[in-house]
Structure formats: C-alpha cells, structure tokens
There are 2 protein chains.
Amino acid sequence: MVQSPLVLVVDDEPAQRAMLSYNIEAQGLRAITASDGEEALVLADEQRPDVILLDWMLPRLSGIEVCRQLKARTATREIPVIIVSARSEEEDRVRGLDTGADDYITKPYSVNELMARIKANLRRVRPTSIGAVLEVGDLRLDAEAHRVFRADAELRLGPTEFRLLSTFMERPGRVWSREQLLDRVWGRDIYVDSRTVDVHIGRLRKALMASGGDNPIRTVRGAGYALG
Amino acid sequence: MVQSPLVLVVDDEPAQRAMLSYNIEAQGLRAITASDGEEALVLADEQRPDVILLDWMLPRLSGIEVCRQLKARTATREIPVIIVSARSEEEDRVRGLDTGADDYITKPYSVNELMARIKANLRRVRPTSIGAVLEVGDLRLDAEAHRVFRADAELRLGPTEFRLLSTFMERPGRVWSREQLLDRVWGRDIYVDSRTVDVHIGRLRKALMASGGDNPIRTVRGAGYALG
DNA sequence: CCGGTTTGTCACGAAACCGACACGGAACGA
DNA sequence: TCGTTCCGTGTCGGTTTCGTGACAAACCGG
C-alpha cells in the first residue's frame, strides 16, 4: 500500500527526536525514531523508511558505521541517508559521502533547510509520493491527480494497476521481482499469491495497449518484470 | 555504447571551468562547459548531461533561474543540479533546494568534497552508470535492468546464460573451472552433470556471436573457460 | 440494497528453458 | 602417426515459467 513517505530519525537525544518528528509530521510525512545505531538498523530493515536522518554522534555504533552497514545490505541500500553532524570539518563530509551517505548537513541547521533537504531526497527516490509528474517514453503519470496518459490519451486503471505502473515508472528499466512488487504495491504484511502479480501485469498491459501502442512492460523470465 | 557519465559545468570564469573540467575528467567522467545561463539551458537540452554543476552568480540568467527552468522542462527535470555558491547564508540554501536543486555546496569548497558530491548524485540518478553495469570490451551488462548488449545490439539470453556471462564479466580473463561455474551459476548444492556447462557455454557463445562478432569466450583445455 | 468495478485464485495451454546424451571432431602426448 | 582424452553441438524429453480467460468474492458509491 502506498502511503505518505516515512522518515527514520536516528538521534540519541530525546528532545531532538521529538522536535524532528514534530516537524516532519507537520510536513505531511510520517516519522519513526531510533535512539542508537543498532535500533536504527533493525528499524530500517523492518519498516523500510523512505529516507533516514542520521546523527553522526551516536552511542554504541557511530553514525558512519550505521551508514556503512545500511549501504552494505541490498534491502536498505537504496534508502537515502542524510547525515546530521556537529562537526563541520570537510574531511568528515567527504568521508560521510564516501561511505554512501546521500546528503550531509551540519549543526546548527535550520529546520527549513533540513526539511528542504529531506524533500529533495524524497523527490528522487519516491517521486510519486510527493506529487511529481512522472514521464517515461510516451507515458505520463500524474500522482496527485491520479491520472495516467499514454500519448495524450487517458488510461483507465484500477488502483492496483495504478500503483504497479507508478512503481515501474519510478525506476524505468529496473527489473522488479514478484516479491518486490508485492512489497511495494500490495504492502508488506498482506499475503497474496505471487502469481497474482502476473494477472495484474496482464491487466496493466491490456490497459496500456488499449489504444494500439506496443507492450512497454518487459518480462524477464525467472526474474520479474520491468518497464521499457 | 554507454559511455562515462557527463557533467555539465556552468560558470562564468574561464579559470574555474578549466579547473573543474580537469578534475572531473581526472575522475573518469566527461565534462562540458557553459559560460552563462542561456548556453547552459541549450547544452542541457542537447547533451542531456547526467549531472549539472551550476554556479549561483551568472551573467544574464542567474543560477536560480536556470535551475527553475531546468526543473520546469520534462526533458531536463530529472538531471540532478548541484548549486555552487559563494554566499553561505542559509536562506539561499533553502531557496536553492526549493527550486528543485538537488544539492548545494558553498565556496570555498574542496575539490575532494565536490567530487564526492558529484558521485553521490550520479549514484542515485544513474545507479547503473556508476556501479551496477559491467563493461568488458564491447560487452555491456546491466544487472539491474537484466540486459546485455554487444556493440549496442541487445542479446537474448536465458537466465542461466545471463548468470554465466555476468560471472565471466566480473573477472575478465580469469579462468573458471566447470566446478567453480556450477558453484556460482547453478548453486552450491545442485547436482548437475559438469558437461552441462559445456552446453550452456555453447549457447552463450551462439548468442554472443549472433550478430557477427567473434568468439569472446576462450576454452582452456583441461582447466575451464574464460572471457577474453 | 443493488449494479458495476475491482480483486485474488485457479486451471489450462503455450512457450521457454534445462539437462542429459551421443556423436564427431579437435587437441594432445608419445 | 595413432590412440586417447577433451570439447562442441544437434537433438530430445521433461520441467518450469508465463499469459490469460473464467469465476466468485469483496468492495463501493449511490
């Protein structure tokens, strides 16, 4: 089920966590928090946030180590990590980015800037969740208006097919396994047969080809499906 | 043929342009330059760079205006823009990110940090161009999209041949024994006849040579097979 | 409550893929 | 040169994977 983007806040100071959660939720996003590195890794794994706000100074596991571990696992690799640091030395910035962190902000920062950065990172990873219009080839998907066009003709899609297509359009060309699609489109805890994906792929194809275009969804035997 | 990622450098000072191009190319990337905003828009449109480095202070069109226009056109919307600014006031940072800029760096900056940021942005937008794509000779294998090209012609491979080829491409030139290949390609605990490898090597060769190229897979009698 | 829409499952056929075998030819050693 | 070993490949039966029409249950707006 696609809902509003989820931000994982990792900070050992309760006051910081509360302040950040409050501001994040004020932007229409959802927030969860972790107070140390180990908790952060567990939560990242279980909840799959869309972006992670990571304090550099943490008890137990340091921020940089958490970041490295996140980027080492395929399950969490693609989640953007924004490192929040009190140090402003450039070395740390480079090291942070080299371990795979996606962005970096130094204390003191303004809430406005931080929110802007969170959104900038979200925009890249989950374009549809913040209202952008996706375009791939002759396909155009307006997430906010919940409409899809192909070569200026509007398509009729059911909710599931809509989410399916928007997942494909977020990363054109990438192959998604049936399990990954069930995860993103149906939701983590729903059990449906993985062959159900096939059926919806079929329905989506039918809708996409209704006005004569060719089939834009590629089947990768033994692996899954991809757009283009 | 996919080539190395392209960076568009927009700066009105010739010395800066030269310095940046030099450093970018030293990282194995390609660079093109523009000296004002209008030229930048034209080049962005024509060349479709993978990332744009945009000076804030420009004659004619300001950096922020260029950014806005880039993000307004679908053709260039998804190209990450890194704003380079002499001002360090926070307001500008927020405004920069709000117009759709993807990252922000203030002068004075270090070349190391700038390069780290360029790479961080490339990693996200063209993940396939910086990590997940293997290139060996005229062969290109995109793991994420599950596609293989030889000299721009796409190859049709079954799952086993695909895994076989990607194993070879991970270490070009290395000789793999049949047992090692069975381990990597088929899996540890599967029993299949080791001669089966021969058959799949044959099928892979056939696919690789389908459009006329020579045989890139070398047989090492008594030892196994190798790519190149 | 009702008619249309959406959804998940199943079953069946088609297509792709796989592994084994067998035979012929190439490479090698003496 | 000759015998032996190793490799290339055409063929074939069996299996896996996909596509899709059919259907009943769930859902939903009115």
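Protein chains get the first letters and strands the later ones, always in sequence-line order, with residue 1 at the start of each. Values reported hereafter were calculated over all heavy atoms of this structure, with side chains retained and with hydrogens, waters and symmetry mates removed. Computed from a prediction, not measured in an experiment: that's the story for all the values here.
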Whole angstrom value for the distance that separates [atom2] of [N] from [atom1] of [X]:
X      : N      : atom1 : atom2 : result
B:E179 : D:dC6  : CD    : P     : 12 Å
A:L204 : D:dG19 : CG    : C1'   : 14 Å
A:L181 : D:dC18 : CG    : P     : 12 Å
B:K206 : D:dG8  : NZ    : C1'   : 12 Å
B:L182 : C:dA20 : CG    : C1'   : 14 Å
A:N215 : D:dC18 : CG    : C1'   : 13 Å
B:I217 : D:dC7  : CD1   : P     : 15 Å

Handout entry: Other residues, nucleotides, ligands: >12 heavy atoms within 6.0 Å of B:R174 CZ
Key = yes
Exercise for the section: Can you establish whether the number of heavy atoms outside A:D152 located under 6.0 Å from its atom CG is more than 12? Expected result: no
Problem - Qualifying residue for side chain to side chain donor-acceptor pair (under 3.5 Å) with A:R178, from A:T196, A:D198, A:D183, A:D193 - result: A:D198
Completion exercise
Given the options A:R203, A:H200, A:R205, A:E161 meets side chain to side chain donor-acceptor pair (under 3.5 Å) only with A:H200
Looking at [N], I'd like to know if its phosphate oxygens (OP1 or OP2) sit under 4.0 Å from a side-chain N or O belonging to [X].
X      : N      : result
B:R178 : D:dC6  : no
A:R163 : C:dT7  : no
A:Y225 : D:dG19 : yes
B:W186 : C:dC18 : no
B:T219 : D:dG8  : yes
A:R205 : D:dG19 : yes

Practice task
Could you tell me whether A:F162 contacts a base, only the sugar-phosphate backbone, or nothing, with contacts defined as non-hydrogen atoms closer than 4.0 Å?
Solution key: nothing
Practice task
Assign B:D198 to base, sugar-phosphate, or nothing according to its heavy-atom contacts below 4.0 angstrom with the strands shown.
Solution key: base
Practice task
Look at the side chain of B:R203 against the base of D:dG8 and say whether a donor-acceptor pair falls under 3.5 Å; ignore hydrogens and angles.
Solution key: no
Handout entry: Whether B:R163 side chain and B:V185 backbone form a donor-acceptor pair below 3.5 Å
Key = yes
Practice task
Would you check if the side chain of A:R218 reaches a backbone N or O of A:G228 as a donor-acceptor pair within less than 3.5 Å?
Solution key: yes
Practice task
With DNA chain D as reference, determine whether B:H200 or B:R221 sits nearer its 5' end, using the nearest nucleotide of each.
Solution key: B:R221
Exercise for the section: Could you please name the option among D:dC18, C:dT9, C:dG19 that lies closest to any side-chain atom of A:R195? Expected result: D:dC18
Exercise for the section: Give a yes or no on whether a salt bridge exists between A:D214 and A:R150, defined as a side-chain N under 4.0 angstrom from a carboxylate O. Expected result: yes
Listed pairs, N/O of protein and of nucleotides 24-30 of chain D, under 3.5 Å:
none

